[in-house]
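Everything numeric here is computed off the predicted structure, so don't read it as measured data.
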Amino acid sequence: QVQLVESGGGLVQTGGSLRLSCAASGLTTIAYTMGWFRQAPGKEREFVARIWSGGNTFYADSVKGRFTISRDNAKNTVYLQMNSLKPEDTAVYYCAATLGSRRSTVEQYDYWGQGTQVTVSS
């Protein structure tokens, strides 16, 4: 049974940093494309970043240069380092996994975590 468990969310001031973690079980993250998505109140879930088996990464324009996705193969865990946070980054952040590559839509991901809340105060 696949489980993705996010952690690391919280309340931070504008300009601050947080690091989200996604601990996986039931799958090996190196064999999957691992993605981060977020959903703000009243809005659709949107793509944030992904890392695939070769280690290449891809980011949404809104977070490029501020967020970094990475993977610790030994821990089977994926991270999202978020710097220079803005109030518009406030959302529930979800970790997701898919066997395909170059995937950036919700429908293309097969497994999801329960989400972790990130709140950025102005």
Side-chain angles (χ1 to χ4, degrees):
Q1 181 181 356
V2 174
Q3 277 194 315
L4 302 175
V5 179
E6 302 97 334
S7 61
L11 174 64
V12 64
Q13 291 185 333
T14 296
S17 299
L18 283 174
R19 188 178 80 155
L20 305 182
S21 300
C22 172
S25 59
L27 62 79
T28 304
T29 58
I30 195 173
Y32 283 72
T33 292
M34 301 299 296
W36 284 98
F37 289 74
R38 65 187 182 187
Q39 188 167 17
K43 295 188 177 181
E44 294 188 352
R45 194 169 298 187
E46 65 175 5
F47 169 78
V48 174
R50 68 172 186 250
I51 183 169
W52 58 89
S53 57
N56 291 341
T57 58
F58 182 75
Y59 299 90
D61 287 343
S62 59
V63 306
K64 200 174 296 182
R66 300 188 298 122
F67 290 11
T68 302
I69 187 171
S70 62
R71 184 177 61 209
D72 185 329
N73 297 331
K75 295 183 178 180
N76 212 32
T77 298
V78 177
Y79 302 98
L80 185 68
Q81 178 67 44
M82 305 186 296
N83 299 328
S84 302
L85 282 162
K86 306 174 182 179
E88 51 264 44
D89 294 319
T90 295
V92 177
Y93 282 72
Y94 297 90
C95 175
T98 178
L99 280 172
S101 61
R102 300 184 181 179
R103 297 191 171 179
S104 302
T105 67
V106 170
E107 296 76 17
Q108 292 173 320
Y109 282 74
D110 303 305
Y111 304 104
W112 292 85
Q114 82 289 349
T116 185
Q117 176 71 46
V118 171
T119 303
V120 184
S121 63
S122 57

With no hydrogens and no angle check, is any side-chain donor or acceptor of [X] less than 3.5 Å from a backbone partner on [Y]?
X	Y	result
T98	D110	no
E6	Q114	yes
E46	R38	no
S84	G15	no
N76	T29	yes

Would a 4.5 Å heavy-atom cut-off, applied to side chains only, mark [X] and [Y] as touching?
X	Y	result
S7	T116	no
R66	Y59	no
N56	R50	no
Y111	Y32	yes

Please check if [X] and [Y] belong to a single hydrophobic cluster, counting links between Ile, Leu, Val, Met, Phe, Trp and Tyr side chain heavy atoms closer than 4.5 Å.
X	Y	value
V92	M34	no
V78	F47	no
L99	Y109	no
Y93	Y79	no
F58	I30	no

Original post:
Atom OG1 of T90 and atom CD of Q117: how far apart are they, to the nearest 0.5 Å?
Top reply: 7.5 Å
**OP:** Kindly compute the distance separating CZ (R71) from SG (C22), expressed to the nearest 0.5 Å.
**Re:** 12.0 Å
Original post:
Knowing that exactly one of V48, T68, V63 qualifies, which makes a side chain to side chain contact (heavy atoms under 4.5 Å, CB included) with L80?
Top reply: V48
**OP:** Taking atom types as modelled, find out whether T33 and R103 have a side-chain donor-acceptor pair closer than 3.5 angstrom.
**Re:** no
Subject >> Check against side-chain contact (heavy atoms from CB on, under 4.5 Å), F67 and L85 >> reply: CA-CA 9 Å; F67 290 11; L85 282 162; 3.8 Å; yes
Original post:
Think R45 forms a cation-pi with F37, using NZ or CZ under 6.0 Å from the six-ring centre and within 45 degrees of its axis?
Top reply: no
Quick one: closest heavy-atom pair of [X] and [Y], and the distance?
X	Y	result
T14	S122	OG1-CA, 3.4 Å
A91	A40	CB-N, 3.8 Å
S17	Q81	CB-NE2, 3.9 Å

Original post:
Should we count NZ of K64 as having more than 12 external heavy atoms under 6.0 Å?
Top reply: yes
Subject >> Salt-bridge criterion met for D89 and K86 (N-O under 4.0 Å) >> reply: no
